[in-house]
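Chain A is the first sequence line, chain B the second, and so forth, proteins listed ahead of strands; every chain is numbered from 1.
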Protein chains: 2
Amino acid sequence: MSKVSLYQHIKDHIVQGIGAGRWKPGDRLPSESELVVSFGVARMTVNRALRELADQGRVRRVAGVGSFVAEPRPQGTLLRIASIAADIQARGHVHECRVLAAQAAPLPAECALAMGMEVGESAFHSECVHLESGVPVQYEDRWVNPRQAPDFLAQDFSRIPPGDYLVASVPYDEIEHVVDAVLPTREQARHLAMGRQEPCLLLQRRTWYQNETVTLVRCWHPASRYRLGSRFTV
Amino acid sequence: MSKVSLYQHIKDHIVQGIGAGRWKPGDRLPSESELVVSFGVARMTVNRALRELADQGRVRRVAGVGSFVAEPRPQGTLLRIASIAADIQARGHVHECRVLAAQAAPLPAECALAMGMEVGESAFHSECVHLESGVPVQYEDRWVNPRQAPDFLAQDFSRIPPGDYLVASVPYDEIEHVVDAVLPTREQARHLAMGRQEPCLLLQRRTWYQNETVTLVRCWHPASRYRLGSRFTV
DNA sequence: AAGTGGTCTAGACCACGGT
DNA sequence: CCGTGGTCTAGACCACTTA
C-alpha cells in the first residue's frame with residue numbers, strides 16, 4: 001500500500017541504490033526500457049523519474065548512450081547536511097556522541113510553529129553532545145516529525161548519531177539553514193565545557209519532504225572550535 | 001522554425017510574462033486546459049512546463065484551484081552575494097554607507113595568504129559601516145585585487161557600496177563563505193554601537209575569477225540585528 | 001456539478017552514438 | 001543497424017476545491 005507516486009518510488013529506489021553504494025559515481029544505471037520492465041510502468045513514468053534526478057544533478061544522462069551516476073559535488077557545511085561524525089573521522093580524530101535525551105515529548109510552541117505542527121503534539125526529541133577526541137564541539141537539540149521517521153527512537157544514537165540516521169534512512173527534498181551568533185546558556189556552556197562569555201555559532205536546520213517538515217535541529221558550536229563554510233562555482 | 005522544445009517555449013512565455021509584469025506575484029496564470037488551447041499542444045506538454053516552473057519555485061500550483069505566480073523567494077545570504085543596500089531597501093528601510101577608508105595599502109600577511117598574493121604587495125583596501133535606518137548593522141573590511149578591479153578606488157562608495165560595485169562590474173566564477181561567531185574589537189563595537197560582550201556574526205567571503213582571487217571581505221554583524229540563512233531544494 | 005491540477009498509459013517520431 | 005534518451009500525443013482516472 002504505497003501512497004507515493006510511481007515516479008517517486010523509482011526516484012527513491014535509485015537514490016537509495018546510490019546511497020547504499022550499489023551504484024557508484026560513473027556507474028551506468030539501468031536504461032529507461034529496463035526500468036520499464038522491472039517496475040512494470042510506462043516509459044514516460046521512468047523518464048520523469050530519471051529526468052528529475054538529472055535536473056538535480058544526481059544523474060548524468062547522455063542521449064544515445066545511457067544514464068550514469070553523477071560525481072558528488074563537494075560542498076561545505078552550509079550547502080548540505082554534514083555528518084559531524086564523518087567530518088571528525090575525516091580529520092583523523094575520534095568522534096563520540098553522548099546522548100542526553102531521546103524520547104517522545106509534546107512540541108513546545110516555538111518548535112511547533114517552526115515545523116508547521118500543532119502545539120503540544122507529540123514528537124520525537126533528542127539531545128546530544130558531540131565530542132572530537134574528547135573535546136565537546138557540538139550541542140545538538142533535535143525535534144523529529146514522527147510521521148516522517150516513525151523508527152527514530154528505536155536507534156542507538158551513541159552508535160549512529162540522530163542526524164546520520166535521518167540522512168541515511170529518511171528522505172528529504174528541501175533544506176533551510178539559519179546561522180546565528182549567541183552566548184550559551186548555563187547548561188550549554190557546561191555541556192560544551194566553555195565559558196559563558198565565549199560566543200557560540202548556532203546553526204538551525206529545517207528539512208522537508210514533500211512539503212512536510214521532517215526535522216528541526218539546532219546545533220550550538222563553541223566558535224573557538226568550529227566554523228561553518230561553503231564554496232561553490234556560480 | 002523553432003529549435004526550442006514546446007514545453008520550453010511555454011515556460012519562456014510564462015517567465016517572460018512574469019518578468020514583464022504582465023502577471024504579478026499572486027496572480028492567477030492560465031489553467032492547463034487554457035494553455036492547451038492557446039498553444040495547440042497536449043496537456044502533458046503544458047503540465048511539464050508548469051510543473052518545472054513550480055519545481056523552480058516560480059509558480060505555485062494548487063490542485064482544484066489553479067496556478068499562481070509565486071512570491072519571489074528570498075534566496076538567503078549564504079547562497080549568493082547579497083547586496084546589503086538592496087536587502088535593506090527591500091525591507092522598506094533606508095540604507096546608508098559610511099566610508100571609513102578607501103585607499104591602496106600593502107597587504108598584511110594574513111590577507112595575502114588568504115588571497116594567494118604576496119605579503120606587502122599593494123592592494124586596494126576599503127572599510128565601511130552600513131546602517132539600516134540609522135542603526136549600524138554591518139562593519140565591512142575589504143581587500144581587492146587591483147589586477148581584477150583596477151577602477152575600484154575611483155568609485156563613490158557612499159553612493160554605491162564596494163560590494164555592489166564589484167558584483168555589477170567585476171566578473172567572478174567561484175565563491176567561498178566562512179561563518180564565525182566572535183566578540184567585537186573595541187573599534188568594531190564602537191562602529192556598530194554594540195556592547196563588547198555581545199556576539200558578532202562574522203561572514204568572510206572570498207571570490208575568484210579564473211583561479212585568481214578577486215576580493216576578500218569580512219563583514220561583522222551584531223547578532224542581535226542580523227542573521228544569515230539559506231534555503232534550497234536538494 | 002464543474003473545473004483544477006497530479007498522475008499514468010501506450011503508443012509515436014526524432015537525433016544521437018556505438019556496433 | 002539498434003539502443004539510447006528527448007520529446008510529444010490523446011486519451012484516462014483520481015482527489016481536490018469551489019460554486
Can you tell me if the side-chain N/O atoms of B/T45 get under 4.0 Å from OP1 or OP2 in D/dC8? no
Does C/dT7 have its OP1 or OP2 closer than 4.0 Å to a side-chain nitrogen or oxygen of A/R48? yes
Salt bridge check: are A/E52 and B/R51 linked by an N-O gap of less than 4.0 Å? yes
Taken to the nearest whole Å, CD/A/Q210 to C1'/C/dG5 is 16 Å
Between A/R147 and A/E121, is there a salt bridge with N-O shorter than 4.0 Å? yes
Length of the line joining A/L53:CG and D/dG6:C1', which is rounded to integer Å: 16 Å
Counting only side-chain nitrogens and oxygens, does B/S33 get under 4.0 Å of the OP1 or OP2 atom of C/dG3? no
Quick check on C/dG5: is either OP1 or OP2 less than 4.0 Å from any side-chain nitrogen or oxygen of B/R51? no
When the nearest nucleotide of DNA chain D is assigned to A/M44 and to A/G66 on a heavy-atom basis, which residue is associated with the more 5' position? A/G66
What nucleic acid atoms does B/R43 come within less than 4.0 Å of, heavy atoms only: base, sugar-phosphate, or nothing? base
To the nearest Å, give me how far apart CG (B/L6) and P (D/dA10) are. 12 Å
Is it true that the side chains of A/T213 and A/N145 contain a donor and an acceptor less than 3.5 Å apart? no
From the list D/dC8, C/dT9, C/dG5, which nucleotide is the closest neighbour of the side chain of B/S5? D/dC8
OP1 or OP2 of D/dC8 under 4.0 Å from side-chain N/O of B/Y7: no
When you measure from the side-chain N and O atoms of A/S67 to the phosphate of D/dT4, is any distance below 4.0 Å, counting only OP1 and OP2? no
Could you check B/R28 against A/A42 and say which one's nearest nucleotide on DNA chain C is further toward the 5' end? B/R28
CZ of A/F39 versus C1' of C/dC8: gap in Å, rounded? 16 Å
B/E52 CD - C/dG5 P separation (whole Å): 16 Å
Hey, mind stepping through A/F39 and A/H13 against ring pair (Phe, Tyr, Trp, His ring centres under 6.0 Å) and telling me if it holds? CA-CA 11 Å; A/F39 281 92; A/H13 172 260; 5.2 Å; yes
Comparing A/V65 and A/Q8 on DNA chain C - which has the more 5′ nearest nucleotide: A/Q8
Grab the CZ-P distance between B/R61 and C/dG3 for me, whole Å please. 18 Å
Specify the separation, in whole Å, of atom CD of B/E32 and atom C1' of D/dA15. 14 Å
Please give, in whole Å, the distance from D/dC13 P to B/N47 CG? 18 Å
Looking at B/R80 and B/D87, does any basic side-chain N land under 4.0 Å from a carboxylate oxygen? yes
